[in-house]
Amino acid sequence: MVRLLAKERAGEWRNLDAPAVRQAAITDPTGFVEFPELMVIDEIQRVPELLLAIKEQVDSDPRPGRYLLTGSARALGLRTLPDALPGCWSRDP
């Protein structure tokens, strides 16, 4: 479903299961999420520090639909997440 949605828009797909991609995200979270178009980040739970970097980007440029976050765990339920992301939702109660 995510691939179909992202296919219709120019964008970047980054999978944090890949060691090199994950290391880049850990090393420079802010630089990792800087992208002017749609960025799909798969397995976001692997680098929760990215959530604050994304929040910073959204705070400075609130255009909707810039980030599509996926993962196999409830990323927004992580205990280490210090702040909520604006405009995020989860289907879980």
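Scope of the values below: all heavy atoms of this structure, side chains included, with no hydrogens, waters or symmetry mates.
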Output the distance between atom CE (Met39) and atom OH (Tyr67), rounded to the nearest 0.5 Å. 6.0 Å
List for me each residue that meets salt bridge (Lys or Arg N to Asp or Glu O under 4.0 Å) alongside Arg46, sequence neighbours excluded, and say none if there are none. Asp17
Does any part of the side chain of Asn15, heavy atoms only, come nearer than 4.5 Å to the side chain of Ile41, both counted from C-beta? no
Got Phe32 and Arg14 here, is their nearest side-chain heavy-atom distance under 4.5 Å? yes
In the structure I gave you, are the side-chain heavy atoms of Gln45 and Glu43 within less than 4.5 Å of one another anywhere? yes
Restricting to side chain to side chain donor-acceptor pair (under 3.5 Å), what partner residues turn up for Glu49, sequence neighbours left out? none
Would you say that Glu56 contacts Leu52 through its side chain, given a criterion of any heavy-atom pair below 4.5 Å between the two side chains? no
With sequence neighbours left out, the residues meeting salt bridge (Lys or Arg N to Asp or Glu O under 4.0 Å) with Asp61 are Arg63, Arg66
Within a strict 4.5 Å, meaning less than it, do heavy atoms of the Glu12 and Glu37 side chains meet? no
With sequence neighbours left out, write down each residue that passes side chain to side chain contact (heavy atoms under 4.5 Å, CB included) with Ala53, or none if nothing qualifies. Pro29, Thr30, Val33
Which of these, Thr70, Asp42, Leu50, sits in a side chain to side chain contact (heavy atoms under 4.5 Å, CB included) with Leu16? Leu50
Mind checking side chain to side chain donor-acceptor pair (under 3.5 Å) for Thr27 and listing every partner two or more places apart, or none if nothing turns up? Gln23
